[in-house]
Amino acid sequence: MKMAVLQTVLLVFPFLYTSQTTSDEDCKLWRDLDSAVVHKDGHIVLAGMFPIHSKGVEQELNITSRPEQRTCRGFNMRVFRWSQSMIFFIEEINRNPALLPNITLGYRLYDTCGLTTLSQRTALSVVSQPRRKSSSGVCSTPSIPIIIGDSGSTLSMANSRLLNLFRIPLVSYFASCACLSDKHQFPYFFRTIPSDVNQANALARLVKHFGWTWVGTVGADDAYGRTGIDMFTAEVTRLGVCVAYRVIIPKLPTQQQLQEIVRTIRDSTARVLVVFAIEEDIKPVVDEIIRQNVTGKQWVASEAWVTSTLISTTDNYPSLSGTIGFAIRRAEISGLKSFLESIQPLAKPYNPFAREFWETQFQCSLNTSLPFASTTEPVQYSRTCSGKEMIMETQSIYNDVSELRVTYNMHKAVYTVAYALHNLLLCQRENVSAFTKSCPDILNLQPWQVVEVLRKVNYTNIFGDLIYFDKNGDPVGSYDIVNWQRGREEDPVQYVTVGRFDSSSPTAKQLVLNQDKIIWHGGNQSECIPCPEDFWSNQLRNHCIPKQIEFLSYSEAFGMALAATAILGAVSAVTVAVIFFRYRYTPLVRANNSELSFLLLLSLTLCFMCALTFLGQPSRWACPLRRTAFGLTFALCLSCLLSKTLVVLMAFKATLPGNNTARWFRPPQQRLGVFLCSVLQGGVCAAWLTTAPPYPVRNTWLYRDRIILECHLGSVALFSCVLGYIGCLAAFCFILAFLARKLPDNFNEAKFITFSMLIFCAVWITFIPAYVSSPGKFTVAVEIFAILASSYGVLLCIFAPKCYIIIFMPERNSKKYLMSQR
């Protein structure tokens, strides 16, 4: 497959064919695909790819003419500093006699404009270097065994796939997408910036650490942005945090799209938003944020823009103050500032980007016939530069070396390559090429020979950091946690280090924060005072206000409805008792054991009244009362039902000849049975009240902005015993009633008890999951509902049919009808 692709590339780009020729004419025909290059020869040449211009200029393409050289706009001084830093590090290595002695490193630096097509064209230009005739008359190309770049993840993915064909290693200083760790797709890719897997996990843990439970996510429309927010969302969701929205920023957003993005951010109730994007992608959104004057949001930045001076301007600070995020580790690089400020626009070797930088910085045009870079869209200024202007007298991101983070990654990339080449030069036994089994010629290196030693490189740099690659070509995930702060209004934004994350440390020690140094959005730390436990900050975050006290009250509509339902149930039970008392001498009432019926109605009345104890503010007496009243009243109710069921069952068995069991179920024995069953429950409740009774608590952990007043169970084991005993009585009653269901219908009360127990059991079985999953005061509402539903079930199933016959069908309330069978 790879051979087929390679053949296709060679057909499209025949200049890639590397057969040697002795013709000087043939050598001259070879040229760069791209003239936007800064170069210096050496024994070994390193290629560097940088988006020195941030955007491409649109061009019209047609099939009738060859496309012109792609031009770009938006000169990026920060990226230009990166390219100059690469030159500085290479010159530093060349001066070091202990590293690559007698070997000179050269360089070829390209502008990719952040465009995939131009970046791939650059990669092909590196592969097809201009051929030159050696002293022996043989045409050859400079040895470029490795490429440092590109800055973006999407560009690095495209280039890596292309360079896989030639087994050329790519070492990126700023491509952090986790997808690039896939060695099946990118076997020759390395990087000196940590993978976003580390950053996504670190951001999720940061959000969780500060107790933020409702956040928004924003990402650029590329591999870096989409993969970053997807990994963050997966990890933060696992930690129990909810994501309010997911916004993707188009690469070329329209004004309408920007307004939609900002409207989503502005209108969301999520105060915290996490942004995965490079500075060029997030800038249009920030500009629209400023235009609409959106404030009150806490920004959490990824490493790509958290230290961007393009974003952290004094104009943007009112909306972005207190931004916090993870930044690449920084370093103080000695001599770099002097080197950057010593640049000359027309010095040799000629650097067309230095010329453009000079003219942009001083807003003037140089009087020279030397060409611009091929990617540059020339700008004519009204003033002429002398070329003697002083860079050190200016202040720009180019010569600002206070936040050398990506530049430090560049340092790691260049020095890592140098150490790998040095190991080849020494040809240590452990670094012998796995392919040739011999020491390669360092002056005629093949790219695949560098890959082997690059994988094994391991050294400690001058800053004390251990540099090595893991099996995926990634470094250790280490970040500084920075916070945007500013003293006075006229002061520039400062990136204050407030913590650190190191994935190589034990899990408990990976995230280290100094919260006293953090300044949040809209205030400074001297005014940031933690509110007491029972207080909460207001929306403006400038006062502590009492937290709302919450419990199920009689005064609220829901509480009123439950109370009214409970009172209605109690009145209904009393009404039935009155009806039964009025007709106590009728056959129907006497046949249904009037004494047990009155006792059952009394217990049901108490069950309904018991529900009222669950309403209102929990207190020292209310909490024990509601639990014990519940246990005792339901035990009495079920004891009566059990006794009634046994009476019905034994009444029919006693009609058999010689059966004397009925004498054990006369009224005294019935009363004794009910008493014993109730006393057992009373004993459990007494033990509960004396050892670990229920007590009121202030639940401050469920919600951050309110306090839930609720009753703690005290002893969970004894509460389980109370519920378990009630459950056993209900189950036993149901089984006996089920066995008696086939007795004669006109007299059979067992079938009504069966239905009532079915309802009772169904209610309390569903009560358990509902109780566990209901938050706050709704837990109490679930208990009240279960009490009322089961009580109504017993009252209606057992007594409604009897009351209907007594009042509306008195002809059936006769001994003759009751003794008949169907």
Visitor: With a cut-off of 6.0 Å (strictly less than), are more than 12 heavy atoms of other residues, nucleotides or ligands near OH of Y245?
Guide: yes
Visitor: Apply side-chain hydrogen bond (donor to acceptor under 3.5 Å, both in side chains) to residues Q510 and R205 and explain how you reach the verdict.
Guide: CA-CA 10 Å; Q510 288 179 350; R205 288 176 60 181; 2.6 Å; yes
Visitor: Please determine whether side chain to side chain contact (heavy atoms under 4.5 Å, CB included) holds for the pair V272 and W214, giving the CA-CA distance in whole Å, both sets of side-chain angles, and the decisive distance to 0.1 Å.
Guide: CA-CA 7 Å; V272 180; W214 186 236; over 6 Å; no
Visitor: Treating Q298 as the side-chain partner and G322 as the backbone partner, does any N or O pair qualify as donor plus acceptor under 3.5 Å?
Guide: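 Yes.
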Visitor: Is any side-chain heavy atom of L638 closer than 4.5 Å to one of M757?
Guide: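 Touching, per the 4.5 Å side-chain cut-off.
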Visitor: Side chains of D516 and I518: closer than 4.5 Å at any heavy-atom pair?
Guide: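 SC-SC contact between D516 and I518 ruled out.
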Visitor: Determine the minimum heavy-atom distance between I229 and V218, stating which atoms define it.
Guide: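 For I229 and V218, the tightest heavy-atom pair comes out as CG2-O, 3.6 Å.
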Visitor: Taking all atoms of both residues into account, what is the closest heavy-atom pair of F551 and P618, and its distance?
Guide: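 So the two residues come closest at CB-CD, 4.2 Å.
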Visitor: For L788, does its backbone N or O pair with a side-chain atom of S791 as donor and acceptor, under 3.5 Å?
Guide: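 No: the side chain of S791 does not pair with the backbone of L788.
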Visitor: Look at atom CZ of F767 and say whether more than 12 heavy atoms of other residues, nucleotides or ligands are closer to it than 6.0 Å.
Guide: yes
Visitor: Restricting to non-hydrogen atoms, name the atom on A789 and the atom on I759 that form the minimum distance, rounded to 0.1 Å.
Guide: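 Looking at all heavy atoms of both residues, the shortest contact is O-CG2, 4.3 Å.
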Visitor: Under the side chain to side chain donor-acceptor pair (under 3.5 Å) test against R246, which residue among D230, T233, T217 passes?
Guide: D230
Visitor: Tell me, do S302 and Q199 make a side-chain contact under 4.5 Å, heavy atoms counted?
Guide: yes
Visitor: Apply ring-ring contact (aromatic ring centres under 6.0 Å, His included) to residues Y792 and F608 and explain how you reach the verdict.
Guide: CA-CA 9 Å; Y792 270 109; F608 285 116; 4.8 Å; yes
Visitor: Calculate, to the nearest 0.5 Å, the distance between atoms OG and CD1 belonging to S319 and I289 respectively.
Guide: 6.5 Å
Visitor: Under a 3.5 Å distance rule, please check whether S268 uses its side chain to pair with a backbone N or O of A270 as donor and acceptor.
Guide: yes
Visitor: Using the rule given for side chain to side chain contact (heavy atoms under 4.5 Å, CB included), can you reason through W484 versus L320, listing the C-alpha separation, both sets of side-chain angles and the distance that settles it, and then say yes or no?
Guide: CA-CA 8 Å; W484 289 10; L320 304 183; 3.7 Å; yes
Visitor: Should we say atom CZ of F210 is surrounded by more than 12 heavy atoms from elsewhere, each under 6.0 Å from it?
Guide: yes
Visitor: To the nearest 0.5 Å, how far apart are CG in L513 and CG in L511?
Guide: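 Atom-to-atom, L513:CG and L511:CG are 4.5 Å apart.
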Visitor: For the pair F501 and F326, name the ring-plane relationship: parallel under 30°, tilted 30 to 60°, perpendicular over 60°.
Guide: perpendicular
Visitor: Grab the two heavy atoms, one from C677 and one from L729, that are nearest each other, plus how far apart they are.
Guide: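 The answer is SG-CD2, 4.4 Å.
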Visitor: Measuring from atom SG of C711 to atom CD of Q617, what distance do you get when rounded to the nearest 0.5 angstrom?
Guide: 10.0 Å
Visitor: Over 60° means perpendicular and under 30° means parallel, so tell me whether F630 and W764 are parallel, tilted or perpendicular.
Guide: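 F630 vs W764 ring planes: tilted.
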Visitor: So do V476 and S503 actually touch side chain to side chain, heavy atoms under 4.5 Å?
Guide: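 They are in contact (side-chain heavy atoms under 4.5 Å apart), so the answer is yes.
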Visitor: When you measure from the side chain of S643 to the backbone of C640, do you find a donor-acceptor pair of N or O atoms at a distance under 3.5 Å?
Guide: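 Looks like no, no N/O pair under 3.5 Å.
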Visitor: Only distances under 3.5 Å count here; give the side-chain donor-acceptor pairs of residues 559-580 to other protein atoms, sequence neighbours excluded, each with its distance to 0.1 Å.
Guide:
unit_1: T565; atom_1: OG1; unit_2: A561; atom_2: O; d: 2.7
unit_1: S572; atom_1: OG; unit_2: L568; atom_2: O; d: 2.7
unit_1: T575; atom_1: OG1; unit_2: V571; atom_2: O; d: 2.7

Visitor: Show the numbers, then the answer: is there a ring-ring contact (aromatic ring centres under 6.0 Å, His included) between W212 and W520?
Guide: CA-CA 13 Å; W212 296 328; W520 298 111; 5.7 Å; yes
Visitor: For the CZ atom on F755, are there more than 12 heavy atoms of other groups (residues, nucleotides or ligands in this structure) within a distance under 6.0 Å?
Guide: no
Visitor: V684 vs Y725, test: side chain to side chain contact (heavy atoms under 4.5 Å, CB included). Steps then yes/no.
Guide: CA-CA 9 Å; V684 176; Y725 184 72; 5.9 Å; no
Visitor: Looking only at the side chains, is there a donor atom on one of S176 and D196 sitting less than 3.5 Å from an acceptor on the other?
Guide: yes
Visitor: Rounded to the nearest 0.5 Å, how far does OG1 of T605 lie from CE of M609?
Guide: 9.0 Å
Visitor: Please report the shortest heavy-atom distance between T295 and P318, naming the atom on each side.
Guide: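 Looks like CG2-O, 4.1 Å.
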Visitor: With a distance cut-off below 6.0 Å to the six-membered ring centre and an angular limit of 45° from the axis, does R329 pair with Y479 as a cation-pi contact?
Guide: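 Relative to the ring axis of Y479, which defines the angle, R329 lies outside at least one limit.
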Visitor: Between T628 and W688, does any side-chain donor sit less than 3.5 Å from a side-chain acceptor?
Guide: no
Visitor: Is R486 reaching over with its side chain to a backbone N or O of V493, donor-acceptor style, under 3.5 angstrom?
Guide: no
Visitor: So, does S790 use its side chain to make a donor-acceptor pair with the main chain of I787 at under 3.5 Å?
Guide: yes
Visitor: What I'd like to find out is whether the side chain of S756 reaches to under 4.5 Å of the side chain of I798, using heavy atoms alone.
Guide: yes
Visitor: Could you tell me whether the side chain of L615 reaches within less than 4.5 Å of the side chain of S553, counting heavy atoms only?
Guide: no
Visitor: Is a donor on one side and an acceptor on the other found under 3.5 Å between the side chain of N316 and the backbone of I311?
Guide: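 Yes, the answer is positive, given that a donor and an acceptor are paired below the 3.5 Å cut-off.
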Visitor: Should E550 and R698 count as an ion pair when the cut-off is N to O under 4.0 Å?
Guide: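 Salt bridge: no.
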Visitor: Ion pair present between D502 and K509, side-chain N to carboxylate O less than 4.0 angstrom?
Guide: no
Visitor: Step by step, work out the side chain to side chain contact (heavy atoms under 4.5 Å, CB included) result for W305 and F276.
Guide: CA-CA 8 Å; W305 69 277; F276 268 89; over 6 Å; no
Visitor: Within the structure provided, determine whether R627 and L713 are in side-chain contact (heavy-atom separation under 4.5 Å).
Guide: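 Heavy-atom side-chain distance check passes, below 4.5 Å.
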Visitor: Looking only at atom types and distance, does a side-chain atom of K208 sit under 3.5 Å from a main-chain N or O of V236, one as donor and one as acceptor?
Guide: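 Pair absent, no side-chain N/O of K208 close to backbone of V236.
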Visitor: Is a side-chain donor or acceptor of D281 paired with a backbone partner of A277 at a separation under 3.5 angstrom?
Guide: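 No; zero donor-acceptor contacts below 3.5 Å.
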Visitor: How about R263 and Q292: does a side-chain donor come under 3.5 Å of a side-chain acceptor?
Guide: no
Visitor: Return the minimal non-hydrogen interatomic distance between I765 and P769, and the atom names on each side.
Guide: O-CD, 3.3 Å
Visitor: With heavy-atom distances below 4.5 Å as the criterion, would you say the side chains of Y495 and N483 are in contact?
Guide: no
Visitor: Rounded to the nearest 0.5 Å, what separates atom CZ in F581 from atom CZ in F598?
Guide: 7.0 Å
Visitor: Between the main-chain N or O of E260 and the side-chain N or O of T264, is there a donor-acceptor pair closer than 3.5 Å?
Guide: yes
Visitor: Less than 3.5 Å apart, any donor N or O on the side chain of K644 or S597 sitting next to an acceptor on the other?
Guide: yes
Visitor: For Y554, is the OH atom crowded, meaning more than 12 foreign heavy atoms sit under 6.0 Å from it?
Guide: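 Enclosed: over 12 neighbouring heavy atoms sit under 6.0 Å from OH of Y554.
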Visitor: Could you measure the distance from the CZ atom of F752 to the CZ atom of F799? Nearest 0.5 Å is fine.
Guide: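 These two atoms lie 12.0 Å from each other.
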